[in-house]
Amino acid sequence: MHNINELPAWERLFKRIVWKQLGEIRGKQILDFGSGEGITANYLAENNNVIAIEPSKEMISNAWTDNTYTQIVGDVLTLADIDDCTFDIIICHNVLEYVDNKAMVIQELSRVLKEDGFISIAKHNRAGRVMQMAVLLDDFERANKLLDGENGIASKFGAIRYYEDDDIINWEPELRIKECFGIRTFWDLQQNQDKHSEEEWQEKMIQLEMRVAQIEEFRKIAFFHHLILEKV
């Protein structure tokens, strides 16, 4: 049995915040596109019917499978085998930064989404990354490169190819952003990293993050944005 406390402190915080922002979900047909190690798929599968799609066989080999869900090895082309308007909810967390055909992915996700469903997209926010480089990591060179429009780097997945929230609407005009949350607004400015794994500290940070998640001034500098999109 997997436990969220097994995750690195930053990832544990991220998952807890994004799950809280999603709210309680039961009895839904869900697609987790780019499911990685299946942590969110496994969480949602406790009370829902979940299909997970992930191209990396290595990540799938380490997947969390405490709850039953359908795991498919595939990518955006796999969606062609799925009927229109199949899913109530689609999860696409930290995926689009690492694919070339972003517009195609969004259009296909929109196609397989039910008319009254929603897509949950978590994405890197460039301004938050600049803050992290300048304040936490003291890396002025990388901060300046990010400001100049260059890609970031993720240790696990390579280049982070940033895109703006509104780009999604340009790629697929049938979608609109219903809600936008910030995630990890304060984490990357916190100097005392020894505290990050402490449960009490995490709970207090989550409470504070949830308070400011939809306040524009804080959301602008959050490390991630969490978008809830619906069809118009």
Side-chain angles (χ1 to χ4, degrees), residues 4 7-23 32-41 43-44 59 89-99 102 105-106 109 118-137 139 142-143 146-147 149-169 171 175 177-190 193 196-197 201-229:
I4 195 168
L7 298 175
W10 71 265
E11 188 173 8
R12 190 194 330 163
L13 185 92
F14 175 89
K15 298 292 187 190
R16 284 174 163 169
I17 292 173
V18 78
W19 294 346
K20 279 181 177 289
Q21 291 171 351
L22 284 171
D32 189 350
F33 183 79
S35 56
E37 295 177 341
I39 299 167
T40 294
Y43 166 78
L44 292 171
M59 298 198 79
I89 298 170
I90 296 175
I91 305 295
C92 184
H93 291 171
N94 302 331
V95 172
L96 295 178
E97 291 90 337
Y98 307 106
V99 300
K102 293 178 177 61
V105 170
I106 289 298
L109 294 182
F118 70 84
I119 302 175
S120 165
I121 292 181
K123 59 180 287 293
H124 287 78
N125 178 40
R126 185 185 293 272
R129 187 72 163 184
V130 172
M131 292 285 287
Q132 182 204 38
M133 290 299 163
V135 179
L136 182 65
L137 300 181
D139 191 335
R142 291 179 73 181
L146 286 167
L147 283 171
E150 294 190 18
N151 293 329
I153 299 293
S155 58
K156 201 170 185 178
F157 301 108
I160 302 170
R161 288 166 282 182
Y162 290 93
Y163 62 97
E164 300 303 318
D165 298 352
D166 288 341
D167 287 341
I168 297 171
I169 309 307
W171 297 328
L175 294 175
I177 299 174
K178 180 182 179 183
E179 294 180 286
C180 178
F181 303 93
I183 299 179
R184 279 173 58 184
T185 302
F186 305 114
W187 175 279
D188 296 291
L189 308 180
Q190 169 59 249
Q193 296 185 56
H196 288 185
S197 294
W201 185 91
Q202 283 238 345
E203 286 299 325
K204 289 179 179 179
M205 179 59 80
I206 289 170
Q207 290 173 18
L208 187 59
E209 288 268 351
M210 292 294 291
R211 284 194 65 183
V212 305
Q214 290 184 285
I215 299 175
E216 184 178 4
E217 291 84 355
F218 293 99
R219 186 173 57 206
K220 283 181 177 180
I221 61 167
F223 196 69
F224 295 98
H225 281 176
H226 178 203
L227 309 176
I228 302 296
L229 299 112

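Computed from a predicted structure; not experimentally measured.
- Applying the ring-ring contact (aromatic ring centres under 6.0 Å, His included) test to F181 and every residue at least two apart in sequence or in another chain returns H226.
- Under the salt bridge (charged side-chain N to carboxylate O under 4.0 Å, His left out) criterion, R219 pairs with no residue at all, not counting sequence neighbours.
- In this structure, the side-chain contact (heavy atoms from CB on, under 4.5 Å) partners of V135, at least two apart in sequence or on a different chain, are L189, Q191.
- Of the possible polar contacts, one joining the E97 side chain to the H124 backbone as a donor-acceptor pair under 3.5 Å is found.
- Summarising the geometry, atom CG belonging to L227 is positioned 5.0 Å from atom CD1 belonging to I177; distances are rounded to the nearest 0.5 Å.
- Within 6.0 Å of atom NZ in K20, 12 or fewer heavy atoms from other residues, nucleotides or ligands are found, so the atom counts as exposed in its surroundings.
- A pairwise comparison of heavy atoms in A222 and G182 identifies CB-CA, 3.7 Å as the closest pair.
- In this view, Y43 and W19 satisfy the ring-ring contact (aromatic ring centres under 6.0 Å, His included) rule, not counting sequence neighbours.
- Using a 4.5 Å heavy-atom threshold, the side chains of L22 and I228 count as touching.
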With side-chain contact (heavy atoms from CB on, under 4.5 Å) as the test, would you mind laying out the steps for L229 and I169 before giving the verdict?
CA-CA 9 Å; L229 299 112; I169 309 307; 3.9 Å; yes

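- Considering every non-hydrogen atom in both H93 and S120, the closest pair reads NE2-OG, 2.8 Å.
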Are I89 and F118 close enough, and set up right, to give a side-chain contact (heavy atoms from CB on, under 4.5 Å), and what steps lead you there?
CA-CA 5 Å; I89 298 170; F118 70 84; 3.6 Å; yes

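- The side-chain contact (heavy atoms from CB on, under 4.5 Å) search around K204 returns E200, not counting sequence neighbours.
- Checked against a 6.0 Å centroid threshold, the rings of W171 and Y163 count as neighbours.
- Considering only residues two or more places apart in sequence or on other chains, W201 meets the side-chain contact (heavy atoms from CB on, under 4.5 Å) condition with W187, Q190, K195, H196, E198, M205.
- Residues satisfying the salt bridge (charged side-chain N to carboxylate O under 4.0 Å, His left out) test with E37, not counting sequence neighbours, are K156.
- In this structure, R142 and D139 approach most closely via the heavy-atom pair CD-OD2, 2.8 Å.
- Residues passing the side-chain contact (heavy atoms from CB on, under 4.5 Å) test with L7 are I4, E11, R12, K15, I39, W64, sequence neighbours excluded.
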What side-chain donor-acceptor pairs closer than 3.5 Å can you find for residues 126-134, not counting sequence neighbours?
residue : atom : partner : partner atom : Å
R126    : NH1  : L146    : O            : 2.8
R126    : NH1  : E150    : O            : 2.8
R129    : NH1  : Q132    : OE1          : 3.3
R129    : NH2  : I153    : O            : 2.6
Q132    : NE2  : D188    : OD1          : 3.2

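- Considering only residues two or more places apart in sequence or on other chains, F14 meets the ring-ring contact (aromatic ring centres under 6.0 Å, His included) condition with F224.
- Partners of D165 by salt bridge (charged side-chain N to carboxylate O under 4.0 Å, His left out), not counting sequence neighbours, listed by chain and number: K123.
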Can I160 and N151 be said to form a side-chain contact (heavy atoms from CB on, under 4.5 Å), step by step?
CA-CA 5 Å; I160 302 170; N151 293 329; 5.6 Å; no

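- Across all non-hydrogen atoms, the minimal contact from A213 to Q21 is CB-NE2, 3.6 Å.
- No side-chain donor-acceptor contact under 3.5 Å links N125 to the backbone of H225.
- Applying the salt bridge (charged side-chain N to carboxylate O under 4.0 Å, His left out) test to R161 and every residue at least two apart in sequence or in another chain returns D100.
- The distance from the CG atom of L96 to the CD1 atom of I121 is 5.5 Å, given to the nearest 0.5 Å.
- Atoms CG and CD1, on L44 and I91 in that order, are 5.5 Å from each other to the nearest 0.5 Å.
- Contact detail for D32 and A41: the closest heavy-atom pair is OD2-N, 3.4 Å.
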